[in-house]
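By convention in this document, chain letters (A, B, ...) are assigned in the order of the sequence lines, proteins followed by strands, and residues within each chain are numbered from 1. Below, all heavy atoms of this structure are taken into account, side chains as well, without hydrogens, waters or symmetry copies.
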2 protein chains.
Amino acid sequence: MAYRETVKIRDRKAAQREALLAAAEGLVREGGFAALTIQALSARAGVGVGTVYRYFRAKDTLAAEVFRLATEREVAAVAEALQHQTDAAAKLEQAASRFARRALRAPRLAWALIAEPVDPAVDTERLRYRAAYAALFEQMIEAGVRAGELPLQSPTLSAAALVGALAEALVGPLADHQADEHVVQQLIRFCLRAVGAADPTAPEVSHEQVC
Amino acid sequence: MAYRETVKIRDRKAAQREALLAAAEGLVREGGFAALTIQALSARAGVGVGTVYRYFRAKDTLAAEVFRLATEREVAAVAEALQHQTDAAAKLEQAASRFARRALRAPRLAWALIAEPVDPAVDTERLRYRAAYAALFEQMIEAGVRAGELPLQSPTLSAAALVGALAEALVGPLADHQADEHVVQQLIRFCLRAVGAADPTAPEVSHEQVC
């Protein structure tokens, strides 16, 4: 009987923790990490401040966990998209477009993940987030170079540069709410040119097609 | 007489402020912004903690000012390099190489400016720093497109992407102290390909030349 109660309590705690994290992400989606305070989360989740502190010992550890969960989901979505393509150019096109389109659908969240000035604890998670994307790109470029689809280059360096390019190029449009399909297309072209890939949708890139 | 004394005091204060900023940058060059505390600065500059507080009201405003001064100098050095080139490819090659080589010469400072997790006040300066570089690149790409040296593209987007690419690609090598001439060359090629520029030093890029 005592054992069963413990399991029940543990389950209830896990559920409440999850609900708090979901509510916390909701706050970030609306106002970035600046909007994520223990006070605001308590109000949003309809629980006391003390309850929030029972699950998260400080604002920055809570923010770091929200960041980690949101970005693991983002990276997984891009990784999944790569499974369906065979050559390097198609993979990169998919990855860049998936990354950019997800950002367009949730611009405030994307801005918070990519560029919002945040606490060092969250910034550390951000470095991990970028490293995870870079690892995906590196694998893809390495395979592309090996297959002769891409010119010889350092896959590590090009992968990091792609992550930086995608993130930085989206920051402005995301902040100004000006990101649209045109931005996505421009970004894809930039990335494909950067690694020396032929554009899979337009083998011969003319000036008209680029813009 | 009173007026002269005021001028003297003002001059002395300005000199002490400057000396404190130089000492602060020295700390950042050695240990990043994490090493820049009021306590450490007081010890390094050989003045009391109270004296430091008379010039800088908090650690984060001090760090933000150190960041701003260091990056204004970096951007000015790159802008200066651009003056001596005529076509877009040569300008971009100069800018990328100047940026990367300055980073190699002071890797810890460069890492602190580009990627170290920092206080939001410093992060805000970092966004300005990147915007300043982007403005330089944008001008260069716009002129290159107008002159028909570069394919049609959004100069704003490509410029932001270049800033992100350069910064992100250097982060890993800088942290691992593995940045060298090879990294610089790879980065320049990536940037030139990305904007669709011909390599000014090697019109025909073969696999051997790329790696």
Side-chain angles (χ1 to χ4, degrees), chain A residues 33-34 114-127 130-131 133-134 145 148 150-154 156-173 175 178-179 182-187 189-197 205-211, chain B residues 33-34 114-127 130-131 133-134 145 148 150-154 156-173 175 178-179 182-187 189-197 205-211:
Chain A
F33 284 98
I114 295 171
E116 184 182 359
V118 288
D119 288 326
V122 181
D123 231 351
T124 301
E125 286 299 329
R126 186 176 277 161
L127 293 181
R130 293 180 162 222
Y133 265 124
V145 170
L150 302 180
L152 229 63
Q153 59 197 289
S154 156
T156 315
L157 203 80
S158 292
L162 282 180
V163 170
L166 282 167
E168 191 77 13
L170 280 173
V171 168
Q178 287 181 338
H182 180 68
V183 166
V184 176
Q185 288 306 323
Q186 290 280 336
L187 254 180
R189 307 284 166 139
F190 181 97
C191 292
L192 290 173
R193 283 195 306 258
V195 297
V205 179
S206 80
H207 278 193
E208 285 68 38
Q209 285 168 317
V210 174
C211 257
Chain B
F33 284 98
I114 294 171
E116 183 183 0
V118 288
D119 288 325
V122 181
D123 231 351
T124 301
E125 287 297 330
R126 188 176 275 159
L127 293 181
R130 293 180 160 222
Y133 264 123
V145 171
L150 302 179
L152 228 62
Q153 59 197 289
S154 156
T156 314
L157 204 79
S158 291
L162 282 180
V163 170
L166 283 168
E168 192 77 12
L170 280 173
V171 168
Q178 287 181 339
H182 180 68
V183 166
V184 176
Q185 288 305 323
Q186 290 280 336
L187 253 180
R189 306 283 166 139
F190 181 97
C191 292
L192 290 174
R193 283 195 306 260
V195 299
V205 179
S206 82
H207 278 192
E208 284 68 39
Q209 286 170 316
V210 173
C211 257

Taking every non-hydrogen atom, the tightest pair across Q186(A) and L157(B):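 So the two residues come closest at CB-CD2, 3.2 Å.
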Shortest non-hydrogen contact from V195(A) to R193(B)?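 Scanning both residues completely, I find the closest heavy atoms to be C-NE, 3.8 Å.
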Looking at D119(B), L166(B), L162(B), which makes the most heavy-atom pairs under 4.5 Å with chain A?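 Heavy-atom pairs under 4.5 Å are most numerous for L162(B).
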What residue in A115(B), A161(B), A34(B) has the most heavy-atom pairs under 4.5 Å with chain A?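 The candidate making the most pairs under 4.5 Å is A161(B).
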Note, [X] side chain near [Y] side chain (heavy atom, < 4.5 Å):
{"X": "E168(B)", "Y": "R130(A)", "answer": "yes"}
{"X": "V183(B)", "Y": "L170(B)", "answer": "yes"}
{"X": "L127(B)", "Y": "E116(A)", "answer": "no"}

Where on L187(B) is there a heavy atom nearer than 4.5 Å to chain A: the side chain, the backbone, both, or neither?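 Contact with chain A involves both backbone and side-chain atoms of L187(B).
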Could you have a look at A165(A), P120(A), C191(A) and say which one has the most heavy-atom pairs with chain B under 4.5 angstrom?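 Counting heavy-atom pairs under 4.5 Å, the top option is A165(A).
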Residue, of A121(A), A159(A), A194(A), A134(A), that accumulates the most heavy atom pairs under 4.5 Å with chain B: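 Highest number of heavy-atom pairs under 4.5 Å: A194(A).
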